[in-house]
Amino acid sequence: MQAEENKRRCKRCLLREYDEASYKEKLERVLLLMKPNEKVDDALYEKRLKVCRDCEKLLEGTCLACGCYVELRAAGKKERCPYHHW
């Protein structure tokens with residue numbers, strides 16, 4: 001029970017410690033907090049994510065080339081793929 005309570009309060013957990021719903025909720029919250037002028041449009045976002053999905057460096061939402069969370073990096077206007085795929 002104590003371990004379960006610690007997971008809910010943890011500010012710096014590893015991805016393996018998140019359940020899928022919690023990870024998705026945190027990701028969506030960060031994306032919502034981004035200013036509209038900092039984000040690419042939905043079409044470009046989806047195009048970038050498709051490139052990442054097809055990349056061998058993608059593992060559980062993380063880019064093994066640079067360590068970023070691809071869904072967050074793909075949303076940023078100033079962000080670039082470390083392999084220049086987008």
Side-chain angles (χ1 to χ4, degrees):
M1 183 74 163
Q2 181 67 28
E4 193 64 32
E5 287 178 17
N6 286 341
K7 281 185 182 181
R8 281 187 232 131
R9 287 184 278 159
C10 180
K11 302 278 189 214
R12 294 178 192 87
C13 294
L14 299 173
L15 283 177
R16 66 183 181 194
E17 295 168 342
Y18 286 144
D19 61 33
E20 188 175 325
S22 178
Y23 172 74
K24 186 176 179 182
E25 178 185 311
K26 288 175 186 351
L27 176 68
E28 288 173 355
R29 187 174 339 130
V30 172
L31 289 171
L32 284 172
L33 291 173
M34 288 177 74
K35 296 175 184 172
N37 65 335
E38 297 174 336
K39 292 169 48 172
V40 298
D41 63 56
D42 290 342
L44 182 54
Y45 180 64
E46 291 302 324
K47 184 177 177 180
R48 287 178 172 187
L49 290 180
K50 181 178 180 340
V51 171
C52 292
R53 273 189 213 101
D54 295 339
C55 182
E56 65 189 32
K57 297 293 185 184
L58 178 65
L59 179 64
E60 296 178 356
T62 304
C63 175
L64 297 178
C66 67
C68 76
Y69 297 117
V70 297
E71 290 159 296
L72 296 179
R73 176 170 267 187
K77 279 187 178 178
K78 295 183 179 181
E79 298 293 339
R80 300 289 177 257
C81 168
Y83 286 111
H84 308 287
H85 292 158
W86 49 260

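No hydrogens, no waters, no symmetry mates; every other heavy atom, side chains included, goes into these values. Heads up: numbering here begins at 1 and tracks the sequence.
- Other residues sharing a hydrophobic cluster with Leu58 under the 4.5 Å side-chain heavy-atom criterion for ILVMFWY residues are Val70.
- Under the ring-ring contact (aromatic ring centres under 6.0 Å, His included) criterion, Tyr83 pairs with His85, sequence neighbours left out.
- Environment of NZ in Lys47: sparse, with no more than 12 heavy atoms of neighbouring residues, nucleotides or ligands closer than 6.0 Å.
- Taking Asp42 as the reference, nothing meets the side chain to side chain donor-acceptor pair (under 3.5 Å) condition, with sequence neighbours excluded.
- Among residues two or more places apart in sequence or in another chain, the salt bridge (charged side-chain N to carboxylate O under 4.0 Å, His left out) test is passed with Arg73 by Glu79.
- In this view, Leu64 and Lys57, Leu59 satisfy the side-chain contact (heavy atoms from CB on, under 4.5 Å) rule, not counting sequence neighbours.
- Contacts of Glu25 classified as side-chain contact (heavy atoms from CB on, under 4.5 Å), with partners at least two apart in sequence or in another chain: Arg29.
- Residues meeting the salt bridge (charged side-chain N to carboxylate O under 4.0 Å, His left out) test with Lys50, sequence neighbours left out: Asp54.
- Side chain of Lys39 to main chain of Leu31: a donor-acceptor pair is present (N/O by atom type, distance under 3.5 Å, no hydrogens or angles).
- Considering only residues two or more places apart in sequence or on other chains, Glu28 meets the side-chain contact (heavy atoms from CB on, under 4.5 Å) condition with Lys24.
- In this view, Lys78 satisfies the side-chain contact (heavy atoms from CB on, under 4.5 Å) rule with no residue, not counting sequence neighbours.
- Applying the 4.5 Å side-chain rule to ILVMFWY residues, one finds Trp86 in the same cluster as Val51.
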